[in-house]
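We use all heavy atoms of the structure for the numbers below, so side chains are in, but hydrogens, waters and symmetry mates are not. In the text below, chain A, chain B and the rest are named by the order of the sequence lines, each starting its count at 1.
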Amino acid sequence: MIKNYFKIAWRNIVRHKAYSAINVAGLAIGVAACLLIFVVIQFELSYDKFQPNYNKIYRVVMQQKSGDVTEFYPGIPYPMSEALRVDFPGSKFATVQTSYGSQITVPANTNNTTISSADKKFTEDMGVLFIQPQFFDIFKYKWLSGGADVLEAPNTVVINRSTANKYFGDWKNAGGKVIRMDNRLTLKVGGIIEDVPSNTDLPLRVLVSYSTLKSHLAEYDLEDSWGNNSSNHEIFMMPPDNQSVSTINTQLKIFTQKHYGKNEAKTRFHLLQPLSDMHFDTRFGNTLGDHITNKATIRTLSFIAVLIILMASINFINLSTAQSVGRSKEVGIRKVLGSSRVQLIKQSIGETGLIVIFALIIAIGIAKLALPYLKNIASVPDDINLISEGSVIFLSLMTLAIVLISGIYPALVVSGFRPVLALKNKITAASVGGVPLRRVLVVTQFSISQLLIIGTIVAVKQMNFVNTADLGFNKEAVLIIPGSTDSISLQKSASFKQMFLQNPGVKSVSFISDQPSSQNNWSANFYFDNSGTDKNYHLYMKFGDADYFKTFGLRFKAGQPYSQKDTTSGIVINETFAKKLGIQNANAIIGKTIKIGGGKWHPIVGVVEDFKTNTLREAVKPTIIIQDKKEQGEIAVKLNTRNLSRTVASVQKAWETTYPEYAYNGYFLDQNIADFYKQENQLALIYKIFAMIAIFISCLGLYGLVSFMVVQRTKEVGVRKVLGASISSIVYLFSKEFMALITVSFLIATPLAYYMMNSWLQNFVFRIPLSATVFILAIAASIIIAWLTVGYKAITAALANPVKSLRSE
Amino acid sequence: MLSLKNISKYHKAGSLKTTILQNINLDVDAGEFVSIMGPSGSGKSTLLNIIGMLDEPSEGYQYFLNEPVHQLKDKQRSALYKANIGFVFQAYHLIDELTVYENIETPLLYHDIKSGERKALVADMLDRFQIVGKKDLFPSQLSGGQQQLVGIARALIVSPKLLLADEPTGNLNSKQGDEIMELFSKLNKEEGMTIIQVTHSEKNAAYGTRIINLLDGTIESSKNI
């Protein structure tokens, strides 16, 4: 029996090739898209779940109220690490200090640790941690050699397998070898751990014993004081099973009062963040890993996947019920031959099942081809797998759902045909499953595609705006080279600057701590105009020498830059700061003084026009620019755009000869700024791709439906033509309904899209207005696309010779 | 074998009531070969459909093999006709996507007959109608007469007690028509098959044992030959 069903299903598929192709293509693309989204979501949701204590681990984080804003910090002050252990004796703790962009030097001669030009230098963007041995009581990893106890001793390092292979050729040779870190630490390799899976926020690569840190606090921006909080200094906690999170949070309040004092504790307190939230909580900024993912992004993706699969299923229902008219005779015969309704439903579902399985196989093929490009729209590793236990279950469930959604309705319609009518060919499109339902389905489809079209237009427009926005400074052709502020480097800086400026391709050079637009925040409390009490908000600092303004092309509103040898240590502030201080006329603020924290008074020598101090997601902050050699570890080089690559090469060479012990990591400022918006650009790309898929699927559906209508109405068209209908009126006959449906779906899609994209735009302080043009563009696009789809078929039908179409009757 | 008592059939469209059959009383015994005749629109096909239980009368009592059909539920009625009635159509109504062999086999599938037995039955039938050589062809590759042969073979494969034929020769030329009629006559005489056919042709009607004439939904005459 089943064989018979499949046989007839197969012959039907082959007989209606075009029709089956539309069905299969639409579904295959939809399923492929969903499968890829599933892979991404599954990856994101799997972060650190491999840890056996996943649900028991917390990070102790900090909240601070400054003015009317609450800020969230992932880190804790240095002394708190020990204090927590004393005050919470039943819990396990592990402190971790991350060092981003550390340089690891592998000496060429292992016996001799003196500097040699043959040393191998590596810059590790992430995964370099100062770590306590207790970390391994909480988190579980596989050790290839050594064990957690080697991390008790200072100046010891544990490396993961692939990093050890990178440094020493083979990890088996690494034991007992020596490496240098940041040209200040000499570390002995005490153990090797297996590589950590890529779905982790704790990428362990180079693990330095935490006790090493004690004598190098300042170099790693730490201070043994409760007042200094570093985001890189984090602590993980595993409370005993019988203690609830709320109990500990209450105890943490008491803890805070005890150590910060009652007053401080009012604005600043610590709380637990579950490990399971860490990958999704954007308030705390980035984790130790390469990215965090907003839950909203995951929801948007899932939503899009559901929409796409819905559209593909709708195609199926629409086309199958339409096609069932042609099958009515067969159904009639089968009923007369004794088939029961259930048997017919089974047959119909069987056929749907066959097409779905066929589409599924093609979908897996498409997904496989597209997989290498997935990393362009999502932060997934290169070696991510398409087929896993999860995706097989997902595919099976999806197949089942599609077969049920898109199989049952047509099956019910078909099996319900009355045999006498069916055999007399009295079943028509209108009598099958009702026109209203089909209209609802087409409207749903077009609403979805318009929603995605609007999403695309808004996202692309906003990203264009972001990428071309005037940041208030010149980001073109500025090379930034991260360096060091150790005493030897500082001694070389003046002569080095002179040497650079000799190069005709170099326009200007500045030693800086931070570029104008960055994701860094360095804030402090301050006093204004000889006042004895500090303001209730913080100022933000960027350090740079006198050429900072020239190098970045900052525009002065009043005053001028400080000079290189300014002994009065003047500062430059931005307009926002001036306004926040309540002074409208920029000139009036020149000469007034500011004291930062417990430092000395600085006169204000200039006011610059506002530049974007951070990403465009954030407002311009009250910012000062000030010189301090000890903070200016980066070099900004403004280049002549002519012979750019040659100049870059010679700059790199000069830098490497001046600082032989450091690895060169120069980058261009404009590229770096573009990277701020990686996730948003990915989202814009996702919208683009899925809008195209949605349009494609709805066009397939529309085309199938119109072809079907044309066949059904051949006779009607013939009669109309004989009665004198013009070609245009026939074309109108076919397209007027679709135009009406598109208009209805526009009315549904618009408010949804407005809501969705408006809330997305709220991520940006600097954003485009959501204007009517966006929506007009979307409906215009839909109508044009629908016309192109419907038009050809409609015109062919209109041009057909009525003699032919009527003869068959 | 079957008995119709005061059977009427009408359609209502708004306030307009169209009568198709009115007060039909008809008894058919096993072994009869009845031809129903009458002009277009006289209700021949509707009567045949009611006998075959594909259509329901609006009024009246209907018995088939002593079962009161008018009292049966849909399921019981389908079971009854599935087991006992075979249909032959004017337009053959073969399934275009299936081969000759598969078309003949299909009713057996709905009768839950096992694969081995199915093969034997279909082989017998192909043999009997001398269409073994055509078993892998599709309906579109056959002539009208051959298609009707397949249609009859398909109707007979489940060994029905009653064969209903709605203008079985209507789409055939006279030579093919004669062959089909010879076949019906042979089935009736040699195997005792009860047959009811609807026909326009006097000549074809003469193959039967009784001729019933319908006019405007009533039986005008009924005569045995």
Side-chain angles (χ1 to χ4, degrees), chain A residues 1-17 19-20 320 323-348 350-352 354-355 412 414-427 431 711 808-809, chain B residues 9 11 20 45-50 52-56 74-99 101-115 118 138-140 150-151 153-158 160 164 166:
Chain A
M1 188 68 114
I2 297 224
K3 210 173 108 198
N4 187 279
Y5 291 160
F6 279 122
K7 198 153 47 186
I8 202 158
W10 176 249
R11 284 181 193 155
N12 258 311
I13 290 170
V14 173
R15 174 178 285 220
H16 306 280
K17 278 191 199 78
Y19 188 84
S20 312
S320 309
Q323 199 204 16
S324 64
V325 175
R327 302 279 301 275
S328 63
K329 190 186 116 188
E330 182 201 325
V331 173
I333 298 169
R334 283 184 182 274
K335 281 203 151 180
V336 169
L337 294 180
S339 168
S340 68
R341 191 160 184 194
V342 175
Q343 282 168 320
L344 283 169
I345 291 176
K346 277 191 201 156
Q347 182 188 348
S348 176
E351 284 183 27
T352 311
L354 196 72
I355 293 190
L412 288 177
V414 166
S415 65
F417 288 159
R418 289 171 52 88
V420 176
L421 293 180
L423 289 176
K424 284 182 182 160
N425 270 332
K426 279 190 178 162
I427 307 280
S431 67
V711 175
S808 65
E809 288 296 316
Chain B
K9 174 80 179 174
H11 285 306
I20 301 162
S45 293
T46 306
L47 180 58
L48 197 72
N49 284 337
I50 287 175
M53 296 175 226
L54 294 179
D55 210 347
E56 284 177 57
D74 271 355
K75 251 193 184 156
Q76 296 165 309
R77 201 177 314 153
S78 332
L80 189 63
Y81 87 68
K82 189 168 139 182
N84 298 298
I85 301 179
F87 290 90
V88 175
F89 303 95
Q90 175 179 8
Y92 331 125
H93 284 336
L94 301 179
I95 298 177
D96 296 336
E97 286 80 10
L98 297 181
T99 62
Y101 183 97
E102 290 157 356
N103 261 294
I104 298 175
E105 186 191 23
T106 305
L108 297 177
L109 295 172
Y110 295 123
H111 284 77
D112 295 328
I113 290 167
K114 295 216 169 55
S115 162
R118 279 205 312 263
F138 286 93
S140 57
V150 176
R154 184 181 64 180
L156 295 179
I157 189 127
V158 290
L164 299 178
D166 193 353

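- One finds the NE2 atom of B/H11 at 3.5 Å from the CD1 atom of B/I20 (value rounded to the nearest 0.5 Å).
- Judged by distance alone, the side chain of B/R154 and the main-chain N or O of B/F87 form no donor-acceptor pair under 3.5 Å.
- A/H16 approaches A/S20 most closely through the heavy-atom pair O-OG, 2.7 Å.
- Interface residue B/T99: backbone and side-chain heavy atoms are both found under 4.5 Å from chain A.
- Counting heavy-atom pairs under 4.5 Å between each of B/D55, B/V158, B/L94 and chain A puts B/L94 at the top.
- Residue B/D74: no heavy atom, backbone or side chain, is found under 4.5 Å from chain A.
- Both the backbone and the side chain of A/R334 come within less than 4.5 Å of a heavy atom in chain B.
- The shortest non-hydrogen separation linking B/R118 to B/I113 is NH1-O, 2.9 Å.
- Looking at B/S78, neither its backbone nor its side chain comes within 4.5 Å of chain A, counting heavy atoms on both sides.
- Within the 4.5 angstrom heavy-atom criterion, only side-chain atoms of B/F138, from C-beta onward, approach chain A.
- What you find for B/A155 and B/V88 is that their closest heavy atoms are CB-CG2, 3.9 Å.
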